[in-house]
Amino acid sequence: MSADYDDVMISLGLEPSTPRNAPAEHGERRSYSNGCRCAECREAWRRYQADWRASKRRDKDALARVKHGTTTTYRAYGCRCEACRAANTAAMAAYRARHRKPATAGGDDR
Ligand SMILES: [Zn+2]
Ligand SMILES: [Zn+2]
């Protein structure tokens with residue numbers, strides 16, 4: 001699920017949430033994202049989320065200044081205003097349209 005999302009981000013020229021090739025070690029939130037639920041990774045994740053929430057609170061100000069209606073704002077700032085959601089939806093749709101498989105097994109000819 002998140003891998004698909006990363007593909008979308010890459011296709012949009014944005015950075016994926018996780019570097020592809022760097023191995024994650026226990027105690028890193030990436031390891032948690034990769035599915036590990038050991039105590040170290042859970043703790044790292046918990047800290048990350050707390051951090052993220054705190055930074056979001058700090059970013060309230062920034063959010064008032066950034067341009068809305070962009071996927072960057074949607075993703076980087078976690079903005080879910082109507083303009084940003086629409087931008088994200090459009091980007092996802094464009095991505096899907098671009099990556100739609102050529103019609104082979106019928107169903108595309110009406
Ligand atoms: Zn772990
Ligand atoms: Zn917004």
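One-based numbering, in listed order, for ligands and for the atoms of each.
Both the sub-6.0 Å distance and the 45° axial angle are satisfied by R80 relative to the ring of Y74.
H26 has its closest N, O or S atom to the Zn ion (ligand 1) at the position named ND1.
Any protein N/O/S atom under 2.8 Å from the Zn ion (ligand 2) was counted, giving 4 altogether.
Considering OH of Y95 and NE2 of H99, their distance stands at 4.5 Å, rounded to 0.5 Å. In this structure, S31 OG and R37 CZ are separated by 9.0 Å, a value rounded to the nearest 0.5 Å.
Between SG of C38 and SG of C41, the angle at the Zn ion (ligand 1) works out to 100°, rounded to 10 degrees.
The side-chain heavy atoms of Y77 and C84, taken from C-beta on, include no pair separated by under 4.5 Å. By the 4.5 Å heavy-atom criterion applied to side chains, C79 and H68 are counted as neighbours.
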Starting from the C-alpha separation in whole Å, work towards a yes-or-no answer on side-chain contact (heavy atoms from CB on, under 4.5 Å) for C41 and R29. CA-CA 6 Å; C41 294; R29 72 170 174 86; over 6 Å; no
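E43 and R46 are joined by a salt bridge, as a carboxylate oxygen and a charged side-chain nitrogen come within less than 4.0 angstrom of each other.
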